[in-house]
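Notes to accompany the following structure.
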Amino acid sequence: MTTSSTATAAAPAAPASGLRGRKRERTRHAIADAAFRLFADEGFDAVTLTRIAAAADVAPATVFTHYASKEDIFFGRRLEFEPGIAEAVRGAATGAELVERLRSACTEAFGTILAADSLPQARTFSRILLDSPSLRRSYLPLARERRDQLLSVLLERAGERAADAGVRDELETFASLAGAVRELGFDALHAALAAGEPAGSVFEAATAALDRGYGRLVRAYGDAPFLEAA
């Protein structure tokens, strides 16, 4: 199973401002860093929020102030590594261009994940993820969330055509298929990262999965009228 996040600490919910904001951000990062150390050493499923609080030297209530669950900590920075779906969709004139822009957005995200300063944390993230059945289950709502985000932007892009039930059905199908291809790419990425393969080999495996899937989508949807910009 996959996910799109590869970092080891959750980003603040909003930019920090002033002394209180900076203190809050430091606390969030301390909690997340402590959690990932425990996850890496003992496995995600064996670690409790109480243990995380003790490792971060904060009260359990403080952890709940910043995070709703262990999963919230683990997936906290995923938005930093998410492909720019809205930008990709809104900038495409045709179905073929749309698919290519979605592929490019994912490829760019892979490059960010595999950068030298992110690579060690990415390997840890992938190993923890693949070793945890509960994390893989927790990922399913995130995949649906990304699919729904893509569908929402596609419907906006379709303009008045989105009022047609047939068009809406076609766009929902496309969003589901495009999302599945994206996850295949991240599946390959995480498997190669967890196996300790060199960054170049990881990138090749992940992009090859994208190319196979998006190539099929181009052949199926490249000339689809309902994917043309309104």
Side-chain angles (χ1 to χ4, degrees), residues 1-13 24-83 106 109-110 112-115 117-149 176 179-199 201-202 205-206 209:
M1 205 62 178
T2 62
T3 182
S4 60
S5 171
T6 56
T8 61
R24 178 180 175 82
E25 183 176 352
R26 286 195 300 270
T27 301
R28 283 178 60 87
H29 278 280
I31 293 168
D33 287 344
F36 269 83
R37 287 194 298 271
L38 291 171
F39 296 156
D41 291 342
E42 304 176 21
F44 180 86
D45 298 320
V47 176
T48 65
L49 286 171
T50 301
R51 292 277 313 286
I52 292 171
D57 196 25
V58 299
T62 301
V63 176
F64 283 108
T65 297
H66 294 274
Y67 298 100
S69 64
K70 290 193 301 179
E71 289 80 6
D72 190 24
I73 298 174
F74 189 81
F75 294 122
R77 286 186 67 184
R78 71 185 189 278
L79 294 180
E80 293 184 16
F81 297 92
E82 283 291 330
C106 287
F110 292 163
T112 301
I113 290 166
L114 297 173
D117 59 347
S118 299
L119 186 59
Q121 295 94 333
R123 293 194 190 281
T124 299
F125 184 98
S126 295
R127 179 170 59 81
I128 296 168
L129 172 67
L130 296 182
D131 285 345
S132 171
S134 65
L135 276 176
R136 295 196 298 275
R137 288 193 299 271
S138 297
Y139 173 73
L140 293 174
L142 300 179
R144 288 195 294 268
E145 178 183 307
R146 282 188 290 269
R147 180 201 62 192
D148 291 346
Q149 179 195 15
S176 296
V181 171
R182 176 204 178 282
E183 303 314 329
L184 286 173
F186 275 94
D187 280 341
L189 180 90
H190 289 303
L193 280 170
E197 295 184 18
S201 298
V202 176

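Both backbone and side-chain heavy atoms feed into the values below; hydrogens, waters and symmetry mates do not.
Across I52 and A34, no two heavy atoms sit closer than the pair O-CB, 4.2 Å. Nearest heavy-atom pair across R147 and S176 is CD-OG, 3.3 Å. The two residues A188 and A209 come nearest to each other via the heavy atoms CB-CB, 4.2 Å. Taking all atoms of both residues into account, the shortest heavy-atom contact from E183 to A143 is OE2-CB, 4.5 Å. A pairwise comparison of heavy atoms in C106 and R182 identifies SG-CG, 3.7 Å as the closest pair.
Shown here are the side chain to side chain contact (heavy atoms under 4.5 Å, CB included) partners of A40, two or more places apart in sequence or in another chain: T124, R127, I128. Under the side chain to side chain contact (heavy atoms under 4.5 Å, CB included) criterion, A192 pairs with E197, V202, sequence neighbours left out. Judged as a ring-ring contact (aromatic ring centres under 6.0 Å, His included), and not counting sequence neighbours, the contacts of F39 are F36, F44. Considering only residues two or more places apart in sequence or on other chains, P141 meets the side chain to side chain contact (heavy atoms under 4.5 Å, CB included) condition with R144. Every residue meeting the side chain to side chain contact (heavy atoms under 4.5 Å, CB included) condition with A53, not counting sequence neighbours, appears here in chain and number order: V58, P60, V63. Considering only residues two or more places apart in sequence or on other chains, D45 meets the side-chain hydrogen bond (donor to acceptor under 3.5 Å, both in side chains) condition with S132, S134. R51 meets the salt bridge (Lys or Arg N to Asp or Glu O under 4.0 Å) test with E42; sequence neighbours excluded.
The line from CG of L130 to CG of L193 is 9.0 Å long, rounded to the nearest 0.5 Å. Here the CG-OG1 distance, from L49 to T62, works out to 12.0 Å after rounding to the nearest 0.5 Å. A distance of 8.0 Å separates CG in D131 from CZ in R136, rounded to the nearest 0.5 Å. How far NE2 of H29 is from NE2 of H66: 11.0 Å, rounded to the nearest 0.5 Å.
Proximity of L114 to L189: side-chain heavy atoms (C-beta onward) are separated by under 4.5 Å at one or more points. By the 4.5 Å heavy-atom criterion applied to side chains, L129 and F74 are counted as neighbours.
Identified under the salt bridge (Lys or Arg N to Asp or Glu O under 4.0 Å) test for residues 53-71, with sequence neighbours left out: none.
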